[in-house]
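Side chains are part of it too, since the values below use all heavy atoms of this structure and drop only hydrogens, waters and symmetry mates. Per chain, numbering begins at 1; letters A, B, ... match sequence-line order.
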Amino acid sequence: MSQVRVRFAPSPTGPLHIGGVRTALYNYLFARKNNGVFILRIEDTDQTRFVGGAEEYIMDSLKWSGIVVDEGINEGGDYAPYRQSDRKHIYRQYADTLFDKGYAYYAFDTPEELEALRSASEKEGKTFIYNAGVRDKLNNSISLSAVEWNAKLDRGEPYVIRFKMPQEEEIHFNDLIRGHIFVNTSTLDDKVLFKSDGMPTYHLAHMVDDHMMKITHVIRGEEWLPSLPLHVLLYKAYGWDAPLFAHLPLLLKPDGKGKLSKRDGDKMGFPVFPLFWPYGETAKGYREDGYYPEAFINMLALLGWNPGTEQEIFSMEELINAFSLDRVGKSGSRFDPEKAKWFNHQYLQRRTNNQLALEFREFLRAKGFHVDMVRLEMLIGLVKERVSFVKDIWEQTDFFFKAPEGYDPDMVKKRWQADSGRMLNELISILQGVDDFTATATESAVKTWIESKGYNTGSIMNAFRLVIVGTLRGPHMFDIISWIGKGDTINRIEKGISEISRK
RNA sequence: GGUCCAUUCGUCUAGUGGUUAGGACGUCAGGUUUUCAUCCUGGUAACAGGGGUUCGAUUCCCCUAUGGACUACCA
């Protein structure tokens, strides 16, 4: 068999949705798995919907995700150009071929006329379909005489080129994910192939390009399934071999009904886009929310596909190895933001303290703290397993950098006893006597003291934590005081005693 | 409305003509942690409904219901 060639073909109409990233990913995995080629083609035939920055956004998103394009606008390739507006000149002749062969015709109906027909049909509870049923009553090169429609062309009247859908024919085709499907052409309409503005529609452009670029497998979203019969007919009309098709199920809302949208993300506080979108109505991105691209991709890969084993954590290499189209599900997947966080937690745990320290150092710098790497790595080691994102580390460690500004009133009420101040004063002198201020040294000194006095460990330690942290949370107490040092520890105890006792 | 597609725990899913219907996220409980979190252990929880076919259907077929996509000179 010839070399596998697949393409991801988005429209630059705004930021790329994570559903789009998943489509790109599956194409990419399929290509790599089969030693094939992954192509990025920009489908910008609708000039009215063009959005500046979207093309770069698409490329940046793929790059961040670790999806490597083999042929595309930046990469070049034997089938360039890879942007449809740059290929404009090649489509017209293919529309003409279809006309010459009798598979297409000119239509002069104005958008207003068609709109009127549609609303009239709707009033009767019917759907207006521009096909064999009404074709010869409308304004086109089939209903009009050759003299008439040629005159219109000569006058420069706007027109489109429509596909001439067969009247009553069963179209059978196969989808790699869904199997055999068939539909009767009487329910299909004469789709516009070539627009009056001189641009092809998606239906013409994508298949001409797929054919010219020798695409072997079309892996795209389920929203294209209804137009597959048209595409199959088009391939037949040209006498071309059609590629194999695989229609991917959609990503659905975490709750409620319908497909995942930007609104869901806004409402529930999770991103629906890979990267921050800075234009117009801005949108948050996974990258900016602190997700690792590996976790993001891993999460997306498992939404609609599964390996058939119980493995859940996959590197890109592993995904490539394990991927196959026949393990892609048929039904839409509800997106679960909680599971996305879990994936990031897993990836964060697999990073070394050194890597995390490097990442967290940027955070600290922004806050004006400068800590050397050795101490930072120690700190990371204390809180690493408690967090899912680098940015969470701050919430877990803020009290390492500054004494508490207040003391949790509920906890004080619950844990601060009449003699807590006296005992903590004793504790100060115990700590004062520890020269080597390591966690083990201070711990053993304090435990010996508590035992010798017959104190209650719990009440001492809770009060201790209160004055050091400000509330009852955080890592092991002796790890904390070892990190902040003897001087600061004692200062905090003294400050805590005086401030809490005063109340 | 019409056409097409889909339907296993709350969610992502595995699975088979005869299984204690498995895993993960979430959730709940217990344990560890003198705090909180993590972690560990355990529990909860599903074959949409109705007809067939069959000795036997979650699995195969049909119908219904529900969900989704499409129904543009948008992709």
Side-chain angles (χ1 to χ4, degrees), chain A residues 9-13 43-46 48-49 84 107 109-111 114-115 118 121-122 124-130 158-162 175 177-179 181-184 186-189 191-203 205-206 220-229 247 249-250 252 254-255 257-259 299 302-313 327 329-343 345 349 383-388 392 395-396 411 415 450 456-462 464-466 469 471-477:
Chain A
S11 290
T13 54
E43 311 225 323
D44 58 346
T45 52
D46 186 356
T48 65
R49 293 209 310 161
Q84 288 185 330
D109 318 274
T110 65
L114 293 173
E115 189 41 50
R118 283 196 190 97
S121 289
E122 203 174 321
E124 295 173 45
K126 289 188 225 158
T127 308
F128 173 73
I129 306 180
Y130 199 131
Y159 65 93
V160 298
I161 298 175
R162 284 182 182 272
D175 182 273
I177 292 171
R178 278 146 228 283
I181 300 168
F182 72 93
V183 60
N184 195 298
S186 62
T187 64
L188 271 21
D189 62 349
K191 272 276 176 290
V192 172
L193 300 177
F194 202 85
K195 299 183 272 188
S196 58
D197 67 357
M199 282 293 232
T201 62
Y202 170 84
H203 300 105
H206 96 275
R220 78 228 299 194
E222 191 183 9
E223 67 270 23
W224 292 111
L225 200 51
S227 53
L228 183 51
H247 288 88
L250 266 22
L252 271 23
D255 62 347
K257 298 171 180 178
K259 61 176 179 178
M299 176 270 293
L302 258 14
L303 216 48
W305 169 85
N306 77 82
T309 66
E310 284 177 5
Q311 183 179 353
E312 290 205 88
I313 302 300
R327 293 208 68 89
K330 293 180 183 179
S331 52
S333 311
R334 260 180 213 279
F335 179 73
D336 180 4
E338 285 305 315
K339 188 110 188 200
K341 284 181 194 158
W342 177 81
F343 273 108
H345 181 84
Q349 299 314 314
V383 299
K384 177 179 175 179
E385 57 189 25
R386 317 163 77 95
V387 300
S388 296
D392 292 348
E395 293 161 26
Q396 298 292 335
M411 292 303 143
R415 303 291 187 184
I450 289 175
N456 178 282
T457 310
S459 55
I460 300 239
M461 293 308 292
N462 281 314
F464 190 16
R465 183 174 291 276
L466 224 32
V469 176
T471 185
L472 298 182
R473 67 181 172 99
H476 197 55
M477 271 314 294

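- Put simply, CZ on A:R386 is 10 Å from P on B:C36, counting in whole angstrom units.
- When both pairing distances are held under 3.5 Å, B:C25 makes a Watson-Crick or G-U pair with B:G10.
- When the P atom of B:A24 is taken as reference, atom CD of A:E312 falls 8 Å away, rounded to whole Å.
- Comparing B:C4, B:U34, B:C74 against the side chain of A:T201 picks out B:C74 as the nearest.
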Got a list of protein N/O to nucleotides 65-69 of chain B N/O distances below 3.5 Å?
unit_1 : atom_1 : unit_2 : atom_2 : d
B:G67  : OP1    : A:K257 : NZ     : 2.7
B:G68  : OP1    : A:G258 : N      : 3.0

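- The CG-C1' distance, from A:L302 to B:C12, rounds to 8 Å in whole Å.
- Atoms CD (A:E338) and C1' (B:G10) sit 12 Å apart, rounded to a whole Å.
- Under 3.5 Å, the side chains of A:D109 and A:Y130 contain a donor-acceptor pair of N or O atoms.
- Base pairing of B:U32: no nucleotide in any strand meets the Watson-Crick or G-U wobble criterion (both distances under 3.5 Å).
- With a cut-off of 3.5 Å on both Watson-Crick or G-U wobble distances, the partner of B:U16 is given as none.
- Look at B:A69: its Watson-Crick or wobble partner, with both distances under 3.5 angstrom, is B:U3.
- Remark: the A:H345 side chain and the A:R386 side chain contain no N/O donor-acceptor pair separated by less than 3.5 Å.
- A:R220 and A:H247 share a side-chain donor-acceptor pair at under 3.5 Å.
- Side-chain proximity of A:E310 to B:C12, B:G23, B:C73: nearest is B:G23.
- Salt bridge annotation for A:K339-A:E312: present, with a cationic side-chain nitrogen under 4.0 angstrom from a carboxylate oxygen.
- At a cut-off of 3.5 angstrom, the base of B:U35 holds at least one donor-acceptor pair with the side chain of A:R465.
- Taking the charged nitrogens against the carboxylate oxygens, A:K191 and A:D189 do have a contact shorter than 4.0 Å, which makes a salt bridge.
- Between the C1' atom of B:A72 and the CG atom of A:D109 lies a distance of 14 Å, rounded to the nearest Å.
- A salt bridge links A:R178 with A:E222: at least one charged nitrogen is closer than 4.0 Å to a carboxylate oxygen.
- The side chain of A:N306 places an N or O atom within less than 4.0 Å of a non-bridging phosphate oxygen (OP1 or OP2) of B:A14.
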